[in-house]
Amino acid sequence: GGGGGEKLKADYYYEYTECDSTGSRWRVAIPQSPGACTGLPEPVRGTECTFSCDAGEFLEMSAQECTQCAAGSYSLGSGVRFDQWDSMPAGFSSLATSLENSPRGDDSSSWVPQGNYLESNRDECTVSLIYAVHLKKQGSVSFEYQYPDKNLLFEFFIQNDQCQEMDQSADAKWLKLTNHGEWATHTVNLKSGTNILYWRTGGVLMGTKVVKPVLLKNVQIEGVAYTSECFPCKPGTFSHSPGSSTCDPCPHDTYSGHGASSCTPSEGSATCKDKPPCSKKDYFQIHTACDHEGKTQVMYKWMEPKICLEGVADAEPLPPSGEREPCPPCNPGFYNNDTATCSPCPPGTYSDGMKRTEGFVYPDSSLPVTFVCLIGYLYLSRPLGWEVAGDHIQSGAGSSDNDYLILNIHIPGFKLPTSVSSHSATEFGRITFEFETVCAADCELYFMMDVNRKSTTVVESWEGAKTRQSYTHIMTKNASVSYTWAFQRTNQPSDVRRRVNDVARLYSITVSNAVDGVSSECRACALSAQPSSSTCVPCPPGHYIDTRTSQCTECPRNTYLVSHATPGPDACKPCGPASRSDKDHRLCYSDCHFTHTEGNATLTFDFSLLGSVGSLMNGPSFTSKGTKYFHQFNISLCGGQGQLAVCTDNVTDLSVTDSQREKGEGANSVKTFICQSTIIPASGRGFHTALSSQSINLADTFLGVTVENALDGVKAGPELWPQTSKKVPDINFYYRSLDETSSCVLGRSAVVTLRCNPVKSTKGDLSVPSRCPAGTCDGCTFHFLWESSGACPTCTDRDYHQIEGACKGGQQDLLYVWTEPKLCMGGVALPEKKTLPCEGMEYWVRLGAGLGAFTAVLLVSLTCYFWKKNKRLEYKYSRLVMSANKECELPGADSCAVMEGENEADMEDEVVYTKPSLLGKLKAIASKVSGTFTVRKSPLVWS
């Protein structure tokens, strides 16, 4: 409770309760200060729930009647409108989402009122602008916005009073990008009941670059039953009669303040101010058109409206006009026929533009290359934006330092030269411009393109002062395109001109192959095969023009046709090692096969098991404020045009269907050999789905496959990976992208190293260097390691060996096993097990026993034989001794050996002195075994 007594009317306000089932409600008083509950008027029966006021009226809650708005204010009746942002309007709130590692780091991040619009945050914090409205019937919400920077995510969605998100299509949730300085309108239907509107932003800062904020204005909501107050007219507008539904702008030379019912004569401003002395910022220079004498001069003019004073102290006078000087020559493709203007050359003719005479117009039977060159005689409708300055055009003064100064060129389409077939073209046209920026502050020059008027994308941007340089962008498809240059001196809020000397200059802009363009030169073309015909005909895909015969000749096998090359066989460039060209000679690619010979061994690889496209999501990484993000790489290892990798943004181009995204056909889709996307997970940022953005092309040209560590200037860097001692070498796939960037003037390159790892699956694992977790150490060359069993060579008969099994039952098995570790895949299969007959152990045992028995019998037989012989000799000797003892003398030498009358059998014992034979030696050994004896009485004489 609060103090007693009846409260003043300023201490409370009226509101209606929710409608009940009978369609009735109550009007209750709500205290302005919480807790002051006494002295309030009693609740009374309210108006019917279907009650509403007309446009120009508001509901006066005390009387509960519709009342006309007073002069100087307006009412939409069933709608509310917010177009003044000097402060945050009632009902709006800005809520920043704190990150886990910085609990109060987002306190300074919010939507900031800037007078005529609201400005979002510029950092990584997720900030929501919230407004709740209760509708009695179906309605809508519309607002205008600027969203120039895709590094800042911007979504608009609606919740009900149960914090449940309303059904919305993706088109209504993610806002489309706009051109710098361009306001877009977005409208969403609302359901009856409570609707909570959310405008949510959050930056994705991968570097130190500051993002451009989202600007919001003119929020209008239809479908409310009534409004309890009228809205005052904003400065510069008025409503002269009560009951107005709109405010009218003040006439010229008048102004009005806040809530005005009439306008006061002036210069169209909200208030009158003293004019400052004129300075150099208040005038600009122009070059007059060439006169009949072919001369021009520099003139200076005051900017309109002129808001400075001349002839006062410190005033800068308008400089006098310059000397009349000869006009510059016509642009290439234009000519001057003794007139004051340059005219485009007629079809079938060309001009190099070096002289202002008709003598430089050459007819030719071939159709020349068309282009548009725009510097020198470029019509500028907004002198405050860009202005002609002799040999270049430059950014103008603008109305304030943070204005976007816009220069736009629309090309309706591209027309290829007659000699080039549209089916074989990989380049339909290119835009080349020469520029420089002179800045003392944080200026930035943007180059943007809008294809088929769907979505504007920033192609490249340059911060700070840049020396004179050239930039080229290639169009790879035939479409209507608008090229835009936007120059901003500073991205900080400013309503004054203090840095007018910071300028961007464009010295030339050339668009080749433009429809309805002009010609600067003639090129050779292929003639019709018909005799004596001089008609130019297009060459089939993959054919070049033979300058000797003027006929189309197909490029040799495994070569590709270079766009914009000089006619002749040199236009066909050979593909790199282990690569081949497609049938139209558009590009080179790997067919997933590679052969490497080292010594006497030849290794054959088949990488088709790895799949057509591999994906790697590294990280997580964290920005300076703790936002978690991943880099996803899609790599096309093998295959041609039909198997390229695709990366797609899912938030910046909602006019692209899902099927188009999968095919890489959207304006923000990248279809190439290797591409990269930045993935922001849904958790931690408040977004309801993972976000894919900033898709870039890392490699659009395949250079070749080799085991060497360098190819065509691209180095592999084997020191980035863990070293192995395996016999299978690493295979390097080399790629390149010719798209220049501010940090990679020669374009990006990539190396995919394939390593045989038999413990991995056939799909394998992709990884980036541990010392360079972003995949690149210098920002220009990307390295990937793909470990897989599918990267092992094809198996041959050298990769297995034979094992013999035991012999069982006369049968023996022959087995074949892989040599460990197995470093091969596919190829030849292991031979089947073989079974062969064999002799087992029993056979050899029987054979040994037989041989042993035979040897024993032989030895016994020999022993018996020699024993018998020894007995016979012993007998003879005994008789000889007995005879000698009987006669007391030994017989004569001539008769002691053989006695007469001995039987013939004894003749076998005759001893003959001959060379001993093997049998004799055995006998001698046997005699020694039988015994020894000595005869000393008389010598024996052998004969």
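Note that the coordinates shown come from a computational prediction; the quantities given were computed from them, not determined experimentally. Heavy-atom basis, side chains included; hydrogens, waters and symmetry copies ignored.
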Evaluate the side-chain hydrogen bond (donor to acceptor under 3.5 Å, both in side chains) criterion for residues Ser695 and Ser677: first the C-alpha distance (whole Å), next the side-chain angles of each, then the deciding distance (0.1 Å), finally the verdict. CA-CA 4 Å; Ser695 297; Ser677 294; 3.0 Å; yes
At what distance, to the nearest 0.5 angstrom, does [atom1] of [X] lie from [atom2] of [Y]?
X	Y	atom1	atom2	result
Tyr800	Arg798	OH	CZ	11.0 Å
Leu754	Leu785	CG	CG	8.5 Å
Ile679	Gln632	CD1	CD	5.0 Å
Leu610	Lys760	CG	NZ	12.5 Å
Cys638	Phe673	SG	CZ	10.0 Å
His585	Thr559	NE2	OG1	5.0 Å

ring-ring contact (aromatic ring centres under 6.0 Å, His included) partner of Phe733, chosen from Phe784, Phe607, Phe594, Phe605: Phe607
Sole candidate of Phe633, Phe782, Phe702, Tyr589 that passes ring-ring contact (aromatic ring centres under 6.0 Å, His included) when paired with Tyr735: Phe702
Answer yes or no: is the gap between the SG atoms of Cys824 and Cys792 smaller than 2.5 Å? no
Measure from the side-chain N and O atoms of [X] to the backbone N and O of [Y], and report whether any donor-acceptor pair falls under 3.5 Å.
X	Y	value
Thr672	Ala699	yes
Gln812	Gly805	yes
Arg736	Asp712	yes
Thr547	Gly568	no
Tyr734	Ala710	yes
Thr762	Ser789	no
Trp818	Leu823	no
Ser861	Val857	yes

Would you mind reporting whether [Y] and [X] have side-chain heavy atoms less than 4.5 Å apart?
X	Y	value
Pro718	Asp730	no
Ser581	Asn558	yes
Arg771	Leu720	yes
His631	Val768	no
Cys555	Tyr560	no
His596	Pro729	yes
Ile635	Ile674	yes
Thr855	Leu858	no

Would you sort out whether Leu587 and Asp582 count as a side chain to side chain contact (heavy atoms under 4.5 Å, CB included), showing the intermediate values? CA-CA 6 Å; Leu587 52 81; Asp582 58 1; 4.1 Å; yes
How close do [X] and [Y] get, counting heavy atoms only, and between which atoms?
X	Y	result
Ala645	Val613	CB-CG1, 4.2 Å
Cys572	Leu561	SG-CD1, 4.1 Å
Ser761	Ser788	O-OG, 3.1 Å
Arg755	Trp721	NH2-CB, 3.9 Å
Ser590	His593	OG-N, 4.4 Å
Pro793	Cys756	CD-SG, 4.4 Å

Kindly indicate, with the supporting measurements, whether the criterion side chain to side chain contact (heavy atoms under 4.5 Å, CB included) is fulfilled by Leu814 and Leu836. CA-CA 8 Å; Leu814 296 181; Leu836 301 176; 3.4 Å; yes
Within a 6.0 Å radius of atom [atom1] on [X], are there more than 12 heavy atoms belonging to other residues, nucleotides or ligands?
X	atom1	value
Lys822	NZ	yes
Gln802	CD	yes
Glu598	CD	no

Would Ser615 and Asn634 satisfy side-chain hydrogen bond (donor to acceptor under 3.5 Å, both in side chains), going step by step from the backbone distance to the final call? CA-CA 5 Å; Ser615 295; Asn634 292 334; 2.8 Å; yes
Would you please test Val752 and Leu637 for side chain to side chain contact (heavy atoms under 4.5 Å, CB included) and show each step? CA-CA 8 Å; Val752 181; Leu637 196 66; 4.1 Å; yes
Pair Thr604, Thr595 - check side chain to side chain contact (heavy atoms under 4.5 Å, CB included), show working. CA-CA 4 Å; Thr604 303; Thr595 301; 4.2 Å; yes
Would you check if there is a donor-acceptor pair between the side chains of Thr781 and Ser749 at a distance under 3.5 Å? yes
